[in-house]
There are 2 protein chains.
Amino acid sequence: MMSDDKEKKRFGIKDIAKLADVSIGTVDRVLNNRKDVSEATRKKVKDIIKENNYQPNLYARSLSVKNNIKISVIIPKTSLQTGYWQLCLDGINKGIQELEPFGIQTEVFLYDQEDVHTFLEVSEKTIKSNFNAVVIAPIFIKETEAFVKKCHRKKLQTIYINSDIPTKSTLGYIGPNLNSTGRLAGNLTSYLVGTNAKILILNIAKGLENYKYLDTKIEGYRTYLNDLDRNFRIEVIDIPYNEYEEVEKELLSNIEKFTPDVLFVTNSRVSVVGRFFHDHQEIKKPYIIGFDFLEANVDYLSKGIVDFLICQRPDKQGYFALNYLYRFFLLKENVTNFKPMPIDIITIENYMFYEN
Amino acid sequence: MMSDDKEKKRFGIKDIAKLADVSIGTVDRVLNNRKDVSEATRKKVKDIIKENNYQPNLYARSLSVKNNIKISVIIPKTSLQTGYWQLCLDGINKGIQELEPFGIQTEVFLYDQEDVHTFLEVSEKTIKSNFNAVVIAPIFIKETEAFVKKCHRKKLQTIYINSDIPTKSTLGYIGPNLNSTGRLAGNLTSYLVGTNAKILILNIAKGLENYKYLDTKIEGYRTYLNDLDRNFRIEVIDIPYNEYEEVEKELLSNIEKFTPDVLFVTNSRVSVVGRFFHDHQEIKKPYIIGFDFLEANVDYLSKGIVDFLICQRPDKQGYFALNYLYRFFLLKENVTNFKPMPIDIITIENYMFYEN
DNA sequence: TGTCTTATCGTTAACGTTACCGAACATTGT
DNA sequence: ACAATGTTCGGTAACGTTAACGATAAGACA
């Protein structure tokens with residue numbers, strides 16, 4: 001009934017050829033949808049392929065084909081204050097390492113998110129060299145869209161990560177759904193406090209004009225909480241600085257007037273807020289919710305100062321993008337749409353198991 | 001500076017041979033640590049390999065070698081009341097599908113977790129056939145240990161998933177850390193209620209004597225909460241039934257006496273509790289925490305009856321196990337230890353993004 | 001009819017690695 | 001001295017697929 005020890009010879013291109021009474025060359029032409037095959041034999045071969053559920057040997061294919069796939073990755077560079085992009089880069093590097101033995105060459109270009117010129121420079125480099133695909137984390141909307149259009153003309157596959165922009169890439173977008181992450185933060189908040197609670201939303205980022213997308217998170221957060229009808233008092237404060245001292249000053253002056261029960265930091269800069277309440281133990285600590293699995297954030301999570309980190313796996317985004325390109329070019333799969341990224345909740349009791 | 005369009009020929013076995021002035025046969029002998037090479041040439045070749053950081057082409061290797069890897073998977077079969085094992089099976093099937101084109105044959109054996117005899121049967125089958133490895137989800141401790149010892153004698157690699165047992169497998173254990181999942185549940189509980197809260201722990205399972213491991217979860221849960229010194233009242237109830245009607249009866253009689261603020265279900269059977277509070281809207285619903293991303297559980301999560309699902313990714317366990325074996329046999333990697341499985345928190349606002 | 005094109009198909013050399021078969025030479029035993 | 005055995009190595013077929021190159025035959029055009 002079972003235990004078929006006979007080395008099950010894989011059903012391959014040769015077997016198809018034998019059954020169809022043609023050469024393997026013809027079978028290959030059918031398999032790869034190339035011309036120079038009559039409709040009659042094409043159908044015959046296709047039928048046999050379907051009947052026997054032929055699965056190509058990916059090893060053999062990748063060995064045979066000259067893998068000159070070159071991928072360009074364009075993302076912002078990590079700054080001291082925002083470790084976020086380092087996570088993203090980590091995932092990309094992991095992907096590069098995995099794909100390298102399979103003949104895929106990847107080059108990473110970092111640009112300064114405070115300097116459009118650097119972005120234009122690296123995008124020009126990508127266009128000039130002959131890459132097959134480019135992974136982009138967009139910051140400068142207009143310039144990115146112009147760049148992507150150029151890529152399309154050069155038959156260069158494009159794929160966005162981290163944030164989506166109107167002009168569509170050829171392969172799609174891999175990244176978080178911002179409104180949902182805001183709603184999730186609202187959901188957690190609803191478990192933390194009762195009616196009439198005071199809630200403070202903090203936007204901490206230098207050059208806030210480039211971070212319009214944060215509004216989407218806030219909107220998700222607010223609508224979720226407002227729908228609860230619990231008469232929350234919600235305030236929003238913008239802090240357009242990166243250095244701790246500046247943030248500290250802003251917080252001190254504001255928290256006097258408005259002592260929140262819950263503090264929601266809309267991005268990964270929650271660690272500076274953590275440091276604030278660590279340094280100012282005289283002030284009653286609210287519940288704190290923030291984003292992303294950065295070392296500094298996890299530090300204050302483990303200290304019990306930050307309560308929840310919502311994480312959209314920035315590392316997975318880059319990794320998935322590369323993995324998708326691998327499947328697109330080598331395995332010739334045609335995944336139509338990406339599954340949305342999971343949104344993870346990290347607390348003091350499960351952070352040590354995160355990132356696998 | 002960049003854009004090296006010259007097709008970077010991979011540095012391969014031929015190049016080594018040329019540099020060392022030997023044949024590729026000799027290089028192969030060195031690479032695979034086979035005999036019939038003099039110490040002098042062996043060293044010479046090894047040096048060249050190291051100097052040039054030679055990376056074998058995995059595709060070529062797997063094409064050349066006869067991939068007769070056969071894997072046996074032994075897990076409990078899904079019953080109507082416990083969809084848990086279906087998740088596990090789903091992950092395994094995904095792994096099988098991915099590994100199949102690489103020449104790895106996998107056979108799944110399901111046994112009845114209420115009948116030792118069925119386990120003995122499938123384990124016997126595995127021993128009789130010539131598998132290279134076996135993935136086991138243990139339920140019957142003693143019988144599993146005897147089986148694993150037999151496997152070791154037959155040079156059969158073993159690997160546990162889902163629950164660990166004393167007699168070690170050759171390759172380790174992939175599965176949840178039970179104490180930590182209990183602590184995490186306690187952590188969430190601590191955010192939900194204040195001092196003096198009443199907490200009910202529910203063990204729901206037929207044949208509870210086979211589920212000693214649930215105690216570990218409970219211990220983690222209790223110690224976390226007791227350390228908070230909030231004077232919680234914690235009660236534990238065992239319900240050794242699977243059918244809803246029985247559970248309903250037990251719940252009705254108990255909840256009269258002890259109306260909990262939080263209800264912690266120690267396994268994946270939380271959906272029956274969800275149904276209970278759905279059917280009995282006259283009873284005030286406590287916060288409900290349970291386990292696993294089963295369809296029924298998610299259903300009551302989306303209805304707002306179940307508040308938190310803690311999920312240990314049962315599907316990933318099987319998938320990881322197969323993936324590990326692939327790397328062990330084909331890529332000849334020797335991963336020493338598994339990373340622990342992540343523990344995920346699922347709420348009404350992020351369940352739709354789960355499982356990627 | 002002869003030449004030229006086109007459509008269709010077979011043949012074959014790669015791709016990088018593995019493992020088997022012997023060749024060449026050295027060593028041992030008688 | 002000769003055969004038998006052992007050591008070290010080169011040569012090569014095979015793994016399944018791809019794609020370039022030819023071969024053949026049929027039709028088009030003069």
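What's counted below: heavy atoms across the whole structure, side chains too, no hydrogens, waters or symmetry copies. In the text below, chain A, chain B and the rest are named by the order of the sequence lines, each starting its count at 1.
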Send over the distance from [X] [atom1] to [N] [atom2], rounded to a whole Å.
{"X": "B:D28", "N": "C:dC20", "atom1": "CG", "atom2": "P", "result": "11 Å"}
{"X": "B:Y59", "N": "D:dT18", "atom1": "OH", "atom2": "P", "result": "13 Å"}
{"X": "B:K18", "N": "D:dC9", "atom1": "NZ", "atom2": "C1'", "result": "19 Å"}
{"X": "A:I13", "N": "C:dT11", "atom1": "CD1", "atom2": "P", "result": "14 Å"}
{"X": "B:N32", "N": "C:dC20", "atom1": "CG", "atom2": "C1'", "result": "14 Å"}
{"X": "A:N33", "N": "D:dT18", "atom1": "CG", "atom2": "P", "result": "12 Å"}
{"X": "A:I24", "N": "D:dG16", "atom1": "CD1", "atom2": "P", "result": "11 Å"}

Within the distance-only criterion (no hydrogens, no angle test), does the side chain of [X] pair as donor or acceptor with the backbone N or O of [Y] below 3.5 angstrom?
{"X": "A:T41", "Y": "A:S38", "answer": "yes"}
{"X": "B:S64", "Y": "B:R61", "answer": "no"}
{"X": "B:Q317", "Y": "B:N162", "answer": "yes"}

Could you check whether A:G25 gets within reach of a base, just the sugar-phosphate, or nothing at all, counting any heavy atom under 4.0 Å?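 Answer is base: heavy atoms of A:G25 come under 4.0 Å of a base.
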With A:D47, which of A:K44, A:K43, A:K50 fulfils salt bridge (charged side-chain N to carboxylate O under 4.0 Å, His left out)?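 Of the listed options, the one satisfying the test is A:K43.
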List the residues meeting ring pair (Phe, Tyr, Trp, His ring centres under 6.0 Å) with A:F147, not counting sequence neighbours, and say none if there are none.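 Counting only residues at least two positions away or on another chain, A:F147 forms no ring pair (Phe, Tyr, Trp, His ring centres under 6.0 Å).
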Just N and O in the side chain of [X]: are any of them under 4.0 Å from OP1 or OP2 of [N]?
{"X": "B:S64", "N": "C:dA19", "answer": "no"}
{"X": "A:R34", "N": "D:dA19", "answer": "yes"}
{"X": "A:Y54", "N": "D:dT17", "answer": "yes"}
{"X": "B:N57", "N": "C:dC15", "answer": "no"}
{"X": "B:S23", "N": "D:dG10", "answer": "yes"}

Could you work out which one of [options] sits closest to the side chain of [X]?
{"X": "A:R29", "options": "D:dA20, D:dT18, C:dT17", "value": "D:dA20"}
{"X": "A:K14", "options": "C:dC20, D:dC15, C:dT18", "value": "D:dC15"}
{"X": "B:L63", "options": "C:dG16, C:dA14, C:dT17", "value": "C:dG16"}

Less than 4.0 Å between a side-chain N and a carboxylate O, is that true for B:D344 and B:R313?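 Counted as a salt bridge, because a side-chain N and a carboxylate O are separated by less than 4.0 Å.
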Answer yes if the ring centres of B:Y173 and B:Y160 are under 6.0 angstrom apart, and no otherwise.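 No, too far apart.
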How bent is the helix from C:dT1-D:dA30 to C:dT30-D:dA1, measuring the angle between the end axes built from five pairs each, rounded to 10°?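 About 60°, once rounded to a multiple of 10°.
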Measure across A:L156 and A:V134 and return the closest heavy-atom pair with its distance rounded to 0.1 Å.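 Closest pair (atom of A:L156, atom of A:V134, distance): CD2-N, 3.7 Å.
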Counting heavy atoms not belonging to B:K154, are there more than 12 under 6.0 Å from its NZ?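 More than 12 heavy atoms, drawn from other residues, nucleotides or ligands, come within 6.0 Å of this atom.
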Taking the six-membered ring for Trp, are B:Y59 and A:Y59 parallel (under 30°), tilted (30 to 60°) or perpendicular (over 60°)?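 Tilted.
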Near-strand residues of residues 35-46 of chain A, defined as heavy-atom separation under 4.0 angstrom from DNA chain D: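 Within this stretch, nothing sits under 4.0 Å of the strand.
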